[in-house]
Asker: 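Pasting in a structure now, in structure tokens, and then I'll have a few things to ask.
Just so you know, these numbers use all the heavy atoms, side chains as well, and skip hydrogens, waters and symmetry mates. Proteins come first, then strands; the chains are lettered A, B, ... in the order of their sequence lines, and each starts at number 1.
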Protein chains: 2
Amino acid sequence: MADGRPSAAISGENLLFLTDEQLRQGIEAMFFAYRGFTADPDRILSDLAYGRAHHRAIHFINRAPGTTVNNLLNILGVTKQSLNRVLRTLIADGLVQSRVGQSDKRERHLFLTDEGRALEGRLSDAQRARMRTAFRDAGPEAVAGFRTVLEAMMDTEMRRTYTRLKESGA
Amino acid sequence: MADGRPSAAISGENLLFLTDEQLRQGIEAMFFAYRGFTADPDRILSDLAYGRAHHRAIHFINRAPGTTVNNLLNILGVTKQSLNRVLRTLIADGLVQSRVGQSDKRERHLFLTDEGRALEGRLSDAQRARMRTAFRDAGPEAVAGFRTVLEAMMDTEMRRTYTRLKESGA
DNA sequence: CTTGGAATGTCAACAAGGCTGACATAAACT
DNA sequence: AGTTTATGTCAGCCTTGTTGACATTCCAAG
């Protein structure tokens, strides 16, 4: 618990690697970087009376058009009631379209309208711009390391979801 | 905006580097990893009727004992009113002590009590455990890249704060 | 020294977005 | 057919963000 001392997990080449202080720096880096990560879309959204929750819904509907509410729930990791509130406003505002499933009429399939896609574009452009600058400044090897660590930090469940999306994408 | 195409910023060695698809994977990795990052402390906190805001306050008071409310505000990036509510409960519960400044009586200097330090320990232990596993699995070079990218992703202001904390720590 | 403004922190009220509970509808199983 | 399970919606609560109003303290100009 005291700083400077190497922490519990020491094995092989990691002798002087994982001090509590270094872990804490990693924690704080995550905290401050996440603020930067969300800052640009947040600015756009606040002008529109939307929040981060709307952004997340729009992002993943764009990523997997026709997805069901239930599927979106698993990706986002919130309750269906919470997601529903957000979807309701997006549908009312004409950014998202909800179609009753044909094989299973309990399901609603979600799509972005043209207007929804337009906002999605604005938001991703802003977020990608920052990511692009950061990636370029850091260089390809740093980016590879960045992704490796982030993947290792996810829960197993989320890593599976992430991987599935990744492979469906490219 | 279409995937597969290399994005705007192309320069030198980065020829095939920054496609929109890769940037989007970075964005999604951040999203899913941050969930994992906060999951363990969140579980502990929910048993105690505290939230992430309490965790953040406790973390940085521990990191910089005697800090003022105003200073904490700049670190956390929320309004003083919002922080104040959290601090009030922590003080009422005896986890944080607030002392009126001696040179400037408007200021309140914040300290963790023994009980506060105990909770801080539980929370950081949980969060560090995950970070340690991720770092170990990823290896030292990946960790270096991880930190480089995160730093590049911060706003200038936050990067300064982060660096100041980092240098005061080790 | 006093007075007006700036800095610091507190209290109150509101909004976004988490949560659980209750419920309607459709499907599936016995 | 009748019960159980899955999906989605509506209502209400809690945390934590926000702005507005205010008390206290400091400091600088007169």
Side-chain angles (χ1 to χ4, degrees), chain A residues 31 34-35 38-39 41-61 66-93 96-111, chain B residues 31 34-35 38-39 41-61 66-93 96-111:
Chain A
F31 173 69
Y34 199 79
R35 286 246 300 279
T38 56
D42 281 357
R43 258 187 294 277
I44 296 172
L45 289 158
S46 71
D47 292 342
L48 303 170
Y50 290 139
R52 233 173 259 182
H54 300 84
H55 182 190
R56 293 194 282 260
I58 288 174
H59 175 98
F60 286 108
I61 292 172
T67 186
T68 63
V69 173
N70 208 21
N71 182 38
L72 203 48
L73 242 45
N74 293 328
I75 293 174
L76 294 175
V78 298
T79 59
K80 58 185 177 176
Q81 296 90 331
S82 189
L83 174 59
N84 183 58
R85 192 191 313 104
V86 169
L87 285 179
R88 209 186 317 165
T89 71
L90 290 174
I91 291 168
D93 295 352
V96 168
Q97 197 194 357
S98 162
R99 294 185 210 152
V100 174
Q102 41 193 355
S103 60
D104 188 334
K105 288 176 190 161
R106 293 172 304 181
E107 296 180 337
R108 302 297 130 94
H109 297 273
L110 303 168
F111 302 85
Chain B
F31 172 68
Y34 198 79
R35 287 246 299 279
T38 55
D42 280 357
R43 259 188 294 276
I44 296 173
L45 290 158
S46 71
D47 292 340
L48 303 169
Y50 290 139
R52 234 174 259 181
H54 299 86
H55 182 191
R56 292 195 282 263
I58 289 175
H59 175 98
F60 286 109
I61 292 172
T67 185
T68 62
V69 172
N70 208 21
N71 183 38
L72 203 49
L73 242 45
N74 293 328
I75 293 174
L76 294 175
V78 297
T79 58
K80 58 185 177 175
Q81 296 91 329
S82 189
L83 174 60
N84 182 58
R85 191 191 314 102
V86 170
L87 285 178
R88 209 187 315 165
T89 73
L90 290 174
I91 291 168
D93 295 351
V96 167
Q97 198 194 356
S98 163
R99 294 185 209 150
V100 174
Q102 42 192 356
S103 61
D104 188 334
K105 288 175 190 161
R106 293 170 303 179
E107 297 180 339
R108 301 296 129 97
H109 297 273
L110 302 168
F111 302 85

Asker: Using a heavy-atom cut-off of under 4.0 Å over every strand shown, decide if B/Lys105 touches base, sugar-phosphate, or nothing.
Answerer: sugar-phosphate
Asker: When you compare the side chain of A/Asp93 with that of A/Tyr50, does any pair of heavy atoms fall below 4.5 Å?
Answerer: yes
Asker: Which whole-number value in Å describes the distance from B/Asp104 CG to D/dA28 P?
Answerer: 12 Å
Asker: In whole Å, what is the span from the CG atom of A/Leu76 to the P atom of C/dG17?
Answerer: 13 Å
Asker: Assuming nearest nucleotide by heavy-atom distance, tell me which of A/Thr79 and B/Gln81 is located more 5' along DNA chain C.
Answerer: B/Gln81
Asker: Is the distance from OP1 or OP2 of C/dT10 to the nearest side-chain N or O of B/Asn84 less than 4.0 Å?
Answerer: yes
Asker: Grab the CZ-P distance between B/Arg88 and D/dT15 for me, whole Å please.
Answerer: 13 Å
Asker: Starting at atom CG of B/Leu45, determine the distance to atom C1' of C/dC19, rounded to an integer number of angstrom.
Answerer: 16 Å
Asker: With a cut-off of less than 4.0 Å, is there a side-chain N or O of A/His54 near OP1 or OP2 of C/dA16?
Answerer: no
Asker: So A/Leu45 and A/Asp42, do their side chains get closer than 4.5 Å, heavy atoms only?
Answerer: yes
Asker: Within this structure, what is the CG-to-C1' distance between A/Leu73 and C/dG17, rounded to whole angstrom?
Answerer: 14 Å
Asker: Rounded to the nearest angstrom, tell me the gap between atom CG in A/Asp42 and atom P in C/dA15.
Answerer: 20 Å
Asker: Any donor-acceptor pair under 3.5 Å between the side chain of A/Arg85 and the base of C/dG18?
Answerer: yes
Asker: Which part of the nucleic acid, if any, lies within contact of A/Ser103, taking any heavy atom under 4.0 Å across all strands shown: a base, the sugar-phosphate backbone alone, or nothing?
Answerer: sugar-phosphate
Asker: Mind calculating the distance between CD1 (A/Ile91) and C1' (D/dT9) to the nearest angstrom?
Answerer: 11 Å
Asker: Could you give the CZ-to-C1' distance, from B/Arg108 to C/dC11, as a whole number of Å?
Answerer: 14 Å
Asker: Establish whether the base of C/dA7 is bridged to the side chain of B/Arg106 by a donor-acceptor pair shorter than 3.5 Å.
Answerer: yes
Asker: Any side-chain to backbone donor/acceptor pair from A/Arg35 onto B/Leu76? Under 3.5 Å, distance only.
Answerer: yes
Asker: Starting at the 5' end of DNA chain C and moving along, which residue's nearest nucleotide shows up first, B/Glu107 or A/Ala49?
Answerer: B/Glu107
Asker: Can you confirm whether A/Asn70 sits close enough to A/Leu73 that some side-chain heavy atom of one is under 4.5 Å from a side-chain heavy atom of the other?
Answerer: yes
Asker: Less than 4.0 angstrom between a side-chain N/O of A/Arg56 and OP1 or OP2 of C/dG18, yes or no?
Answerer: yes
Asker: I want to check something: taking the side chain as every heavy atom from C-beta on, are A/Leu110 and A/Asn71 in contact at a cut-off of under 4.5 Å?
Answerer: no
